[in-house]
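Given the structure is predicted, the values throughout are model-derived calculations rather than measurements.
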Amino acid sequence: MQPLQAGTQAPDFSLPDQDGNPVRLADLRGKKVLIYFYPKAMTPGCTTQACGLRDVNSELTALNVVVLGISPDPAKRLKKFEERDSLNFRLLADEDHAVADAFGVWGPKKFMGKEYDGIHRLSFLIDEEGKVVHRFDKFKTSDHHQVVLDLIKG
(Lines give C-alpha, C1' and ligand atoms only; values in the text may rest on other atoms or scores of the structure.)
Protein backbone atom coordinates (compact mmCIF):
# COMPACT_ATOMS: atom_id res chain seq x y z
CA MET A 1 0.00 0.00 0.00
CA GLN A 2 1.51 3.32 -1.12
CA PRO A 3 -0.80 6.27 -0.35
CA LEU A 4 -0.50 9.30 -2.61
CA GLN A 5 1.91 11.96 -1.39
CA ALA A 6 1.45 15.72 -1.31
CA GLY A 7 2.57 17.27 -4.58
CA THR A 8 1.31 14.45 -6.81
CA GLN A 9 -1.57 14.78 -9.25
CA ALA A 10 -4.73 13.13 -7.95
CA PRO A 11 -5.96 10.42 -10.30
CA ASP A 12 -9.17 11.37 -12.07
CA PHE A 13 -12.13 9.11 -11.45
CA SER A 14 -15.83 8.79 -11.98
CA LEU A 15 -17.95 7.09 -9.31
CA PRO A 16 -21.69 6.98 -8.63
CA ASP A 17 -22.93 8.99 -5.64
CA GLN A 18 -25.64 7.93 -3.19
CA ASP A 19 -28.29 8.86 -5.78
CA GLY A 20 -26.58 6.97 -8.61
CA ASN A 21 -25.30 10.16 -10.30
CA PRO A 22 -21.73 10.06 -11.63
CA VAL A 23 -19.17 12.30 -9.94
CA ARG A 24 -15.91 13.09 -11.76
CA LEU A 25 -13.00 14.64 -9.93
CA ALA A 26 -12.06 16.59 -13.09
CA ASP A 27 -15.47 18.31 -12.99
CA LEU A 28 -14.55 19.86 -9.62
CA ARG A 29 -11.48 21.76 -10.88
CA GLY A 30 -11.48 25.30 -9.52
CA LYS A 31 -12.51 24.08 -6.08
CA LYS A 32 -10.59 22.38 -3.30
CA VAL A 33 -11.78 18.82 -2.73
CA LEU A 34 -11.53 16.87 0.50
CA ILE A 35 -11.65 13.19 -0.40
CA TYR A 36 -12.02 11.03 2.64
CA PHE A 37 -11.90 7.26 2.46
CA TYR A 38 -13.78 5.28 5.08
CA PRO A 39 -14.26 1.52 5.51
CA LYS A 40 -18.03 1.02 5.85
CA ALA A 41 -21.13 3.22 5.95
CA MET A 42 -23.24 3.24 9.11
CA THR A 43 -20.58 1.80 11.41
CA PRO A 44 -19.77 3.70 14.64
CA GLY A 45 -16.40 5.24 13.63
CA CYS A 46 -17.51 6.07 10.11
CA THR A 47 -20.70 7.67 11.44
CA THR A 48 -18.72 9.80 13.92
CA GLN A 49 -16.39 10.97 11.15
CA ALA A 50 -19.21 11.71 8.68
CA CYS A 51 -21.28 13.62 11.25
CA GLY A 52 -18.27 15.77 12.16
CA LEU A 53 -17.82 16.71 8.51
CA ARG A 54 -21.57 17.30 8.18
CA ASP A 55 -21.46 19.74 11.08
CA VAL A 56 -18.65 21.86 9.54
CA ASN A 57 -19.66 21.47 5.89
CA SER A 58 -21.03 25.03 5.65
CA GLU A 59 -17.65 26.35 6.86
CA LEU A 60 -15.84 24.14 4.34
CA THR A 61 -18.15 25.28 1.55
CA ALA A 62 -17.42 28.91 2.46
CA LEU A 63 -13.71 28.07 2.06
CA ASN A 64 -14.37 26.67 -1.47
CA VAL A 65 -14.01 23.03 -0.31
CA VAL A 66 -16.17 20.18 -1.62
CA VAL A 67 -16.36 17.06 0.58
CA LEU A 68 -16.51 13.60 -1.01
CA GLY A 69 -16.70 10.45 1.11
CA ILE A 70 -15.60 7.23 -0.61
CA SER A 71 -16.22 3.68 0.57
CA PRO A 72 -16.66 0.26 -1.05
CA ASP A 73 -20.37 0.30 -0.16
CA PRO A 74 -23.06 0.14 -2.87
CA ALA A 75 -24.94 3.38 -3.63
CA LYS A 76 -28.10 2.01 -2.01
CA ARG A 77 -26.35 1.66 1.38
CA LEU A 78 -24.82 5.13 0.99
CA LYS A 79 -28.31 6.57 0.43
CA LYS A 80 -29.47 5.03 3.72
CA PHE A 81 -26.39 6.47 5.47
CA GLU A 82 -27.07 9.93 4.03
CA GLU A 83 -30.71 9.86 5.09
CA ARG A 84 -30.17 8.31 8.52
CA ASP A 85 -27.54 10.88 9.53
CA SER A 86 -28.72 13.89 7.48
CA LEU A 87 -25.40 14.06 5.65
CA ASN A 88 -24.97 17.15 3.48
CA PHE A 89 -22.21 16.04 1.10
CA ARG A 90 -21.80 13.38 -1.54
CA LEU A 91 -20.91 9.79 -0.73
CA LEU A 92 -19.33 7.79 -3.54
CA ALA A 93 -19.58 4.03 -4.16
CA ASP A 94 -16.20 2.46 -4.99
CA GLU A 95 -17.44 -1.13 -5.00
CA ASP A 96 -14.49 -2.57 -6.91
CA HIS A 97 -12.10 -0.36 -4.86
CA ALA A 98 -10.39 0.87 -8.05
CA VAL A 99 -10.28 4.47 -6.77
CA ALA A 100 -9.05 3.32 -3.35
CA ASP A 101 -6.30 1.42 -5.18
CA ALA A 102 -5.42 4.48 -7.28
CA PHE A 103 -5.09 6.61 -4.12
CA GLY A 104 -3.10 3.86 -2.37
CA VAL A 105 -5.55 3.36 0.50
CA TRP A 106 -6.61 -0.26 -0.20
CA GLY A 107 -4.49 -2.89 1.51
CA PRO A 108 -4.05 -5.42 4.29
CA LYS A 109 -5.76 -4.73 7.61
CA LYS A 110 -6.11 -6.58 10.91
CA PHE A 111 -9.18 -6.69 13.09
CA MET A 112 -9.67 -8.99 16.07
CA GLY A 113 -6.81 -11.21 14.93
CA LYS A 114 -8.09 -11.60 11.37
CA GLU A 115 -6.30 -10.26 8.32
CA TYR A 116 -8.18 -9.00 5.28
CA ASP A 117 -7.92 -6.35 2.57
CA GLY A 118 -9.87 -3.14 2.98
CA ILE A 119 -9.86 0.65 2.90
CA HIS A 120 -7.55 2.47 5.26
CA ARG A 121 -9.02 5.61 6.80
CA LEU A 122 -7.06 8.36 5.03
CA SER A 123 -8.10 11.71 3.58
CA PHE A 124 -6.64 13.90 0.87
CA LEU A 125 -6.98 17.62 0.25
CA ILE A 126 -6.87 18.27 -3.49
CA ASP A 127 -6.23 21.81 -4.75
CA GLU A 128 -8.06 23.69 -7.51
CA GLU A 129 -5.74 22.21 -10.17
CA GLY A 130 -6.18 18.61 -9.04
CA LYS A 131 -2.97 18.19 -7.03
CA VAL A 132 -2.77 16.56 -3.61
CA VAL A 133 -1.74 19.31 -1.18
CA HIS A 134 -2.11 17.32 2.04
CA ARG A 135 -2.69 13.76 3.18
CA PHE A 136 -4.46 13.38 6.51
CA ASP A 137 -3.37 10.17 8.22
CA LYS A 138 -3.08 11.17 11.87
CA PHE A 139 -6.50 11.87 13.33
CA LYS A 140 -9.31 10.31 15.33
CA THR A 141 -12.73 9.89 13.76
CA SER A 142 -14.05 12.34 16.35
CA ASP A 143 -11.62 15.15 15.45
CA HIS A 144 -11.06 14.58 11.71
CA HIS A 145 -13.26 17.55 10.77
CA GLN A 146 -11.32 19.88 13.09
CA VAL A 147 -7.93 18.70 11.82
CA VAL A 148 -9.13 19.41 8.26
CA LEU A 149 -10.52 22.86 9.15
CA ASP A 150 -7.37 23.84 11.06
CA LEU A 151 -5.15 22.98 8.09
CA ILE A 152 -7.32 24.77 5.54
CA LYS A 153 -7.67 27.90 7.66
CA GLY A 154 -3.89 27.86 8.19
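- Residues Ser71 and Leu78 meet the side-chain proximity criterion, which asks for heavy atoms closer than 4.5 Å.
- Judged by distance alone, the side chain of Asp17 and the main-chain N or O of Asn21 form a donor-acceptor pair under 3.5 Å.
- Within the 3.5 Å criterion, the main-chain N or O of Leu4 finds no donor-acceptor partner in the side chain of Thr8.
- Note: Phe139 and His144 have tilted aromatic rings, judged against thresholds of 30 and 60 degrees for the angle between ring planes.
- Atom CZ of residue Arg29 and atom CD of residue Glu129 lie 8.0 Å apart, to the nearest 0.5 angstrom.
- Here the OG-CG distance, from Ser14 to Leu92, works out to 9.0 Å after rounding to the nearest 0.5 Å.
- Side-chain contact check for Leu125 versus Val148: every heavy-atom pair is 4.5 Å or farther apart.
- A heavy-atom distance below 4.5 Å is not found between the side chains of Leu34 and Leu68.
- Nearest heavy-atom pair across Pro11 and Leu25 is O-CD2, 3.5 Å.
- Remark: Lys40 NZ is loosely packed, at most 12 non-hydrogen atoms of other residues, nucleotides or ligands lying under 6.0 Å away.
- One finds the CZ atom of Phe37 at 6.5 Å from the CD1 atom of Ile119 (value rounded to the nearest 0.5 Å).
- Contact check for Gln49 versus His145: no side-chain heavy atoms found under the 4.5 Å cut-off.
- Using a 4.0 Å cut-off between charged nitrogen and carboxylate oxygen, Lys109 and Asp117 do not count as a salt-bridge pair.
- For the pair Asp12 (side chain) and Ala26 (backbone), a donor-acceptor distance under 3.5 Å is present.
- Under the 3.5 Å distance criterion, the side-chain polar atoms of His120 are left unmatched by any main-chain donor or acceptor of Pro3.
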Chi angles and distances behind the ring-ring contact (aromatic ring centres under 6.0 Å, His included) call for Tyr116, Phe111: CA-CA 8 Å; Tyr116 62 96; Phe111 183 69; 7.3 Å; no
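- Taking the six-membered ring where tryptophan is involved, the planes of Phe103 and Phe13 are perpendicular, since the angle between them exceeds 60° and thus also 30°.
- Taking the six-membered ring where the residue is Trp, Tyr36 and Phe89 present perpendicular rings, their angle passing 60° and hence far from 30°.
- Closest heavy-atom contact between Pro39 and Pro72: O-CD, 3.4 Å.
- In terms of hydrophobic clustering, with Ile, Leu, Val, Met, Phe, Trp and Tyr side chains grouped at heavy-atom distances under 4.5 Å, Val67 and Val56 are assigned to a common cluster.
- Asn57 contributes a side-chain N or O that, together with a main-chain N or O of Asn88, makes up a donor-acceptor pair within less than 3.5 Å.
- A single hydrophobic cluster is not seen to contain both Ile152 and Val33; linkage of ILVMFWY side chains at heavy-atom distances under 4.5 Å, directly or through other members, places them apart.
- Proximity of Leu63 to Leu149: side-chain heavy atoms (C-beta onward) are separated by under 4.5 Å at one or more points.
- Between Phe136 and His134, the closest side-chain pair of non-hydrogen atoms falls below 4.5 Å.
- A heavy-atom distance below 4.5 Å is not found between the side chains of Ile35 and Val99.
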Derivation and outcome, side chain to side chain contact (heavy atoms under 4.5 Å, CB included), residues Leu15 and Val23: CA-CA 5 Å; Leu15 288 174; Val23 175; 5.7 Å; no
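- Salt bridge annotation for Lys31-Glu128: absent, with no cationic side-chain nitrogen under 4.0 angstrom from a carboxylate oxygen.
- Looking only at distances, a side-chain donor or acceptor of Gln18 sits under 3.5 Å from a matching main-chain atom of Leu91.
- Nearest heavy atom pair, residue Glu59 against residue Lys153, reads OE1-NZ, 2.8 Å.
- Hydrophobic clustering, with ILVMFWY side chains joined whenever heavy atoms are under 4.5 angstrom apart, groups Val105 together with Val132.
- Side-chain contact annotation: Thr47 with Arg84, donor-acceptor N/O pair under 3.5 Å present.
- Within the 3.5 Å criterion, the main-chain N or O of Lys140 finds a donor-acceptor partner in the side chain of Asp143.
- Taking a 6.0 Å sphere around CD of Gln2, one finds it holds 12 or fewer heavy atoms contributed by other residues, nucleotides or ligands.
- In this structure, CH2 in Trp106 is found 13.5 Å from CG in Leu122, a value given to the nearest 0.5 Å.
- Residues Leu60 and Val66 do not share a hydrophobic cluster, defined by chaining ILVMFWY side chains whose heavy atoms lie under 4.5 Å apart.
- Annotation: side chain of Phe124 is not in contact with side chain of Val133 (no heavy-atom distance under 4.5 Å).
- Using modelled atom types, no side-chain atom of Asp85 and backbone atom of Leu87 make a donor-acceptor pair closer than 3.5 Å.
- Salt bridge absent: Glu82 and Arg90 never bring a charged side-chain N and a carboxylate O closer than 4.0 Å.
- A salt bridge links Asp19 with Lys79: at least one charged nitrogen is closer than 4.0 Å to a carboxylate oxygen.
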